[in-house]
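Below, chains carry the letters A, B, ... as their sequence lines are ordered, and counting in each starts from 1.
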Protein chains: 2
Amino acid sequence: MSEDAARERQELALLLRRLTVELDAVGQRFAQMHGLNRTDVRALVAIMDAARRGEALTAGRLGEAVDLRSASVTALVDRLEKVGHLRRTRDDEDRRRVVLEMSDSTMAAGAEHFGGLARDLAAAMADYTPEQLAVVHRFLLDMTDVVTRHARTDPPPP
Amino acid sequence: MSEDAARERQELALLLRRLTVELDAVGQRFAQMHGLNRTDVRALVAIMDAARRGEALTAGRLGEAVDLRSASVTALVDRLEKVGHLRRTRDDEDRRRVVLEMSDSTMAAGAEHFGGLARDLAAAMADYTPEQLAVVHRFLLDMTDVVTRHARTDPPPP
DNA sequence: ACCTAATCTCTCGATGATCGAGATTATCGA
DNA sequence: TCGATAATCTCGATCATCGAGAGATTAGGT
């Protein structure tokens, strides 16, 4: 492999990292705008994601999604409920469970903020042919695969 | 634009998000392995990045890099120094400043962990022609641009 | 050379996020 | 029906972060 090729690959890896930093900053910005912290935003996003899949999250599942213990989930839901971002409801199927429902206004704010980004990203992709997007797609799948292996166990098998 | 094209773009946006989640998890894993928190890892990475540029970070510049106030930087450096990940040195040019030097072992651990990822990413890129990588490069620059605008101010100009 | 303002780091006390342990209520299985 | 399991909550402790202010050092104007 040529020196240039090696440099290009390193450059691409750095670009991936920079993209993640900026994507994180988008969430950070949403947090600041609404007086939330990083965990709060991650929780709201998890709930929105679930809602888009037609599911409603319980407290326990939210804890799994954002990696918090049950005591912390209670505190998290407390503060989000206190400012009206969501409300608790008892699950009628299993009355031990607490299902979380986001308020319409918060759902709208989230859709505005993150949906706007998705919209602009999609618009920027108009500059690419379907074949090019297919290449990018494969690339992202491959890179995600490598990263995921490193995230789970240090020296990945293949 | 066709339905499929729209779906493909949305899929790519989701892939970018998933990639950032997994990249975050790589740092999280490093944190767990060394008994650190997210901020600590971000600090060590910032110091490593600076070192690679041939610079040494001062406490103040580290605070800018990880977005912490001076009191928090003191506490951060305290705990990293206590476990031997770095040491404070007075800057002889400006004796108000504290320059931070990472220990060799921590630098090596970081290089092992994150450098290993970079190596595997580069290896996975071998499946792509230079022309394909150029397309990916342009794509990532474009997407980063869009994301960065959303991270700074909500409705971006162009 | 001086003196004031600005800069850099640190200390202190307060606040808030997270957790482990244990309590409470509800469901499930024998 | 009863014991085991599960879901959530309460309580007290710990830790990260911050604002305000102190102490030390440098920069700039006179």
Hey, does the side chain of [X] reach the backbone of [Y] with a donor-acceptor pair shorter than 3.5 angstrom?
X: A/His113; Y: B/His150; result: no
X: A/Glu101; Y: A/Leu86; result: no
X: B/Thr106; Y: B/Met102; result: no

> Considering residues, nucleotides and ligands other than A/Arg61, do more than 12 of their heavy atoms fall under 6.0 Å from its CZ?
Replying inline: no

>> What I'd like to find out is whether the side chain of A/Arg17 reaches to under 4.5 Å of the side chain of A/Leu14, using heavy atoms alone.
In response: yes

>> Can you confirm if the NZ or CZ of A/Arg138 lies within 45° of the ring axis of B/Tyr128 and under 6.0 Å from the centre of its six-membered ring?
In response: yes

First locate atom [atom1] of [X], then atom [atom2] of [Y], and finally report the distance between them rounded to the nearest 0.5 Å.
X: B/Leu57; Y: B/Asp49; atom1: CG; atom2: CG; answer: 9.0 Å
X: A/Arg97; Y: A/Arg90; atom1: CZ; atom2: CZ; answer: 11.0 Å
X: B/Gln32; Y: B/Asn37; atom1: CD; atom2: CG; answer: 11.5 Å
X: A/Leu19; Y: B/Thr148; atom1: CG; atom2: OG1; answer: 8.0 Å

In whole angstrom, what separates [X]'s [atom1] from [N]'s [atom2]?
X: B/Leu80; N: C/dC10; atom1: CG; atom2: C1'; value: 16 Å
X: A/Arg38; N: D/dA16; atom1: CZ; atom2: C1'; value: 15 Å
X: A/Leu62; N: D/dC9; atom1: CG; atom2: C1'; value: 15 Å

Distance check: side-chain N/O of [X] vs OP1/OP2 of [N], anything under 4.0 Å?
X: B/Asn37; N: D/dA16; result: yes
X: A/Arg61; N: D/dT8; result: no
X: B/Thr39; N: D/dT17; result: yes

> Using rotation axes that map the C1' atoms of four end pairs onto the next four (five pairs an end), what angle separates the end axes of the helix from C/dA1-D/dT30 to C/dA30-D/dT1, to 10°?
Replying inline: 30°

> If you measure from the Lys or Arg side-chain nitrogens to the Asp or Glu carboxylate oxygens, is any gap between A/Asp67 and A/Arg42 under 4.0 Å?
Replying inline: no

> For DNA chain C, what residues of residues 65-76 of chain B have any heavy atom nearer than 4.0 Å?
Replying inline: B/Ser70, B/Ala71, B/Thr74

>> Tell me which residues in residues 86-102 of chain B lie within less than 4.0 Å of DNA chain C, going by non-hydrogen atoms.
In response: B/Arg88, B/Arg96, B/Arg97, B/Val98

